[in-house]
Every structure is written in C-alpha cells, then in structure tokens.
Chemist: 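Questions regarding the structure given below will be posed in turn.
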2 protein chains.
Amino acid sequence: MDDDRWEAPRVLLAVDLVILTLRGSRLHVLLIERGVEPFRGALALPGGFLRDQEEDIVAAAHRELFEEAGLADVPHLEPLGVYGEPGRDPRGRVVSVAYLAIAPRLPEPVAGTDAAEASWRPVEHAMSSNVELAFDHRRILADGVERARVKLEHSALATAFCGETFTISELQQVYEAVWGVRLDPRNFYRKVQSARGFIVAAGSMRRTEGGRPARMFKAGPVQAIYPPMVRSAQAVAEGSDGRKDGRTAQTMPEGGANP
Amino acid sequence: MDDDRWEAPRVLLAVDLVILTLRGSRLHVLLIERGVEPFRGALALPGGFLRDQEEDIVAAAHRELFEEAGLADVPHLEPLGVYGEPGRDPRGRVVSVAYLAIAPRLPEPVAGTDAAEASWRPVEHAMSSNVELAFDHRRILADGVERARVKLEHSALATAFCGETFTISELQQVYEAVWGVRLDPRNFYRKVQSARGFIVAAGSMRRTEGGRPARMFKAGPVQAIYPPMVRSAQAVAEGSDGRKDGRTAQTMPEGGANP
DNA sequence: GAGACTTCCTGTCAGACTGACAAGAAGCTA
DNA sequence: TAGCTTCTTGTCAGTCTGACAGGAAGTCTC
C-alpha cells in the first residue's frame, strides 16, 4: 500500500452478483436484461456502482440486488473474485467485486432501476454459447458456479439451498443439481449422516410427496464438514458445463472481505 | 454495474501481497517496515496503489513487490480477497485487492520505496498478538495462510514451495510446515505417489543429507490432485497457529447455519 | 380394503483407502 | 566393518466408498 505525496489514480468500483437458486431441481441464476447502455438489451448479472464514497461494498451489493431485482433478504454474500482488467468496461476503468450467494426458493425477481427485466435462468442455458452476457459476466458466472461446486464438498453450504428444514433427498437434489451428477440415495444417506454436525434431526416432522414420509432435518452447527463430501474424479474433471481449462486465474476460493 | 447519467464515486485501488516461503522448514511471510505515514514504523504486507488508470492489477502487484522488496520473478499471484471496508485506511476510501504467492527459497528482500526495511518473518511470529501489523493486514495474512492450507489439499501447490526438482521428504516438509502437523514419511510417500500426475520422477538424480540418497521428482502436469490430500479432522479444527476458534476466522459464516 | 406404486431407510459386501508399524536398501562416519 | 542416518517397499487391520437387496411406510387406484 501506501504512497503519500504522489496522487494515486481513482477507479470506479462496481459489484456484480452471482445469485444461485434451485428451481425444479435445476440450478438457476439471476440475470437481468440491461435497460441502459452499454450492452443495452443484453443479459447481465445484477450489480452496479457504489452509491457514494462511504458505502460498504457488501451493502452496495445488497442494495443493487434490491434495486434491480426486488430481492431482499438474500442470506449471505460470499466474496467471489475481483475483475478489473483494463478495458473490460467501455465507460472507463471499472473494477468489479463479484459476490456469490446461494439460497432456497427465492421469489420471482422484479425488474427495477436500469433493468428492463429480471428473471431466473437455468445455468446451463445462461452459460451456453448462444447467449450473450454483458461485459465479462460469462466468466464471472462460470467462476461462481465452480465455486459453488467446490464449496459443496467441504462446507455445509448445501443446506443454504434448502429451506429451514429439509429432507435428506432434498439435500441430495442440491448436490445433484450443482454438481451435475446422479448420486445413489442410499449411499448419500449414509454419507451425510456420518458427517458429524452437518445436519441434525428436526423434531419428528415429516413431509411426503408420494412415497414413505421422510424425516426432517435442519442445518447442523458445523461450517466445515468432515469427512468432506467428495466428487468423483470424473465429476471433478468434467464439471458439468463445458469448461475445460481447469482453474481460473481470477477467483479467490475462500474467505476474504466482508465484515 | 451500470448507471449512466449520474456520477459514480471513485475509490483508491491498492494491492496487498501475502508472499509465503519456506526457510529452514518453517513458514515465513514477507513483511516490510513502513517508511511513511500512516502506520510509519509498523510492519505491513508489501503493496501499494495503482500507478495509473491503465495499470493492470496483477501488474501493479508485481511492480510493488519489486519496488518495495526487490523481488522479481515471483511465480504466480493468486487472488485472495478484497478488503474495502470504509475506514480501513485513514487516507480515504481505499479498496485493496490481496494476492497470495508461494515460492521456493526466495532471496533476501531488499527494502525500496516507502519501505524502511523488508524481511522474511516466521508466520507464527507475525501473527502473534504482540506484533502490530498496519491496517487490516493481520486479517489478510491470516486469510492467506489459511488459503495456503486449503490449497495444499486439492492442488499441486505444494510443489511451488520446492525447487524445480525435489525429494519426497522435502515435499513432506512443505505439508508439515504449512499445516503445522507431523506426517508419517511412509504413508506420505505412498500417498503422493498414488495421486496421478502430482509428481513425476526427474531422471535418476539423487540428493543426500546423511542417509540413503533420495530419488528426485518434479511437479507433474496436474493442477488439481486426485484423490486429494486430506488433513486430519484435528488438523482442520486446530490449524497450527494459535487460533482456537475453528477454521472460520476467515472462512466467514457462510450460508449453512443461517436459517 | 387390497393391491400397486412411490419414496424412505436400513443393511450387506467387496474393493479402495488410511494409519500404524516392520524391515530392507543405500548412503555416510568412525 | 559396525553403526547411524534416511529413503523405500511392504504388511495388516480398520474405515470409507460404490453397488445393490430388501423391508418400511405412506398414497393412489380400483
């Protein structure tokens, strides 16, 4: 850091948001249709500039989410990466901080400021090559999805996709949707039960959808689950989208910035 | 993103660097003693502001590393996080992008611009409570160290701590130093050999330090190793420094227990 | 109310992986 | 050559994983 008598340049600071949810057992991402230039009419991740010098970055993210898509109460925004390549935005030097959030059935978004429309799109569709995303948002989205996959292995994140209480098979659907694989229900059952503190029984409530009623669980106290859930070598190598390049340079896999 | 007729605020953009290396089988971090206000005289991570509007962020990181500590050719800078809380810097709204790098025996640093001194410090010393680090650098450092620990599990990062060729026991020392645990050489040997593509034999060269000469290896082609190296539950829970609060200091309360 | 059907849950079994440890291999030193 | 060091190859029991059988407990249809 830290020079003093010389004048350091200033940049525009933006936030971009990768909001993932599950709808009908498929992974969806929140996209808006841009209502202003540049990239007017193109799809984009929600986001925007800081409102003023004093605004906290995470606060700005929440604000944009509400302004552009009408979503409040999105639980936890996790820092995903920084995208600040010169030239990524025609309006000047814009450095964007990306956040990732994952939540249970979120409501339909409502388009607001600068957004002609806001909606949930299946991730595979949004990442397919015939959809144009504004700026470098395709990359940010890909990074966010990959991050979600990795986090599912070690953290209790998957429960964030579910409601407050859930059945084990609902939890399994989360893993299947995010990882893009099929899992054996019986082995999955054993696995999640043996990870201490991952999930805990929630009373004797039951919920049913045709078959034998399932026991309800809720998220356990543990953040980092042990032993970890492990994707097969194949799943790791392939992902479920088309990326073949292994890791990306820009993301920051864990931890980071918000207070 | 994306407002147009209204004027978005601009912020100062800085980079901060967590550079880790191994010296005498202990993990060390590069710190400078600040030669200018604020925090003059305090220890800090190397870093600084963008030079101009057009400078790439990673390029700025490399430049600062060279200017402040005389280090060039630090291999790969990995994005670590963004630290932009209002008030973290008395000079105004400063948003800092932190990078992590890990390298084999780097040379002694040479203090340069703004740095009264630059040196390698044992990580446990730098993070101990009686050392004052400037700004929020204690947190950034803690995040960087934890990141390194996690990366060792899944990526071939450990080889980056070694020279171009190395013995398996040298590689083991890397894991022991970063994770802060002792490992069984025989099991470690089996483990790294069975992870396909992690390390490959490097000719028939040998190096010796008293006992039977060891075979030399070099980093394999694989970035993500499978099966992963797994820290024991205990190691994960404790870390190796003085932290007693589990692993969440910087992993942050993520989604899971967030009903 | 008797199947038929669905989903949930408990087991079993072989193979893979892990931690602990024995012992040989191959250098150096005295 | 004996003794010491470190590297390397094995062994063995316990645990974890993937594949799969089958019973439990509801709903649906007739």
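So that the names make sense, note that chain A is the first sequence line, chain B the second, and so on, each numbered from 1.
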Chemist: Going by side-chain hydrogen bond (donor to acceptor under 3.5 Å, both in side chains), name the residues that satisfy it together with B/Ser169, two or more places apart in sequence or in a different chain.
Modeler: none
Chemist: Might you list the N or O atoms of the protein lying below 3.5 Å from N or O atoms in nucleotides 5-11 of chain D, with each pair's distance?
Modeler:
| unit_1 | atom_1 | unit_2 | atom_2 | d |
| --- | --- | --- | --- | --- |
| D/dT6 | O2 | B/Arg212 | N | 2.9 |
| D/dC7 | OP1 | B/Ser169 | OG | 2.9 |
| D/dC7 | O4' | B/Arg212 | O | 3.4 |
| D/dC7 | O2 | B/Arg212 | NH1 | 3.2 |
| D/dT8 | OP1 | B/Arg215 | N | 2.5 |
| D/dT8 | OP2 | B/Tyr189 | OH | 3.3 |
| D/dT8 | O5' | B/Tyr189 | OH | 2.8 |

Chemist: Round to a whole Å and report the spacing from OH of A/Tyr226 to P of D/dT15.
Modeler: 13 Å
Chemist: Treating A/Tyr175 as the side-chain partner and A/Leu152 as the backbone partner, does any N or O pair qualify as donor plus acceptor under 3.5 Å?
Modeler: yes
Chemist: Tell me whether B/Glu146 is salt-bridged to B/Arg231, with the criterion being a basic N under 4.0 Å from an acidic carboxylate O.
Modeler: yes
Chemist: Provide the start and end nucleotides, 5' to 3', of the part of DNA chain C that has atoms under 4.0 Å from heavy atoms of chain B.
Modeler: C/dT18 to C/dC28
Chemist: How about A/Leu65 and A/Leu30: do any of their side-chain heavy atoms sit closer than 4.5 Å?
Modeler: yes
Chemist: Taking A/Arg138 for its side chain and A/Met127 for its backbone only, find out whether a donor-acceptor pair lies under 3.5 Å.
Modeler: yes
Chemist: Applying salt bridge (charged side-chain N to carboxylate O under 4.0 Å, His left out), can you list everything that pairs with A/Arg23, at least two apart in sequence or on another chain?
Modeler: A/Glu108
Chemist: Mind checking side-chain hydrogen bond (donor to acceptor under 3.5 Å, both in side chains) for B/His28 and listing every partner two or more places apart, or none if nothing turns up?
Modeler: none
Chemist: State whether A/Lys191 places a side-chain N or O below 4.0 Å from either non-bridging phosphate oxygen (OP1 or OP2) of D/dT17.
Modeler: yes
Chemist: Any pair with a residue in residues 155-171 of chain B that passes salt bridge (charged side-chain N to carboxylate O under 4.0 Å, His left out), sequence neighbours left out, goes on the list, sorted by first then second residue, please.
Modeler: B/Glu170-B/Arg207
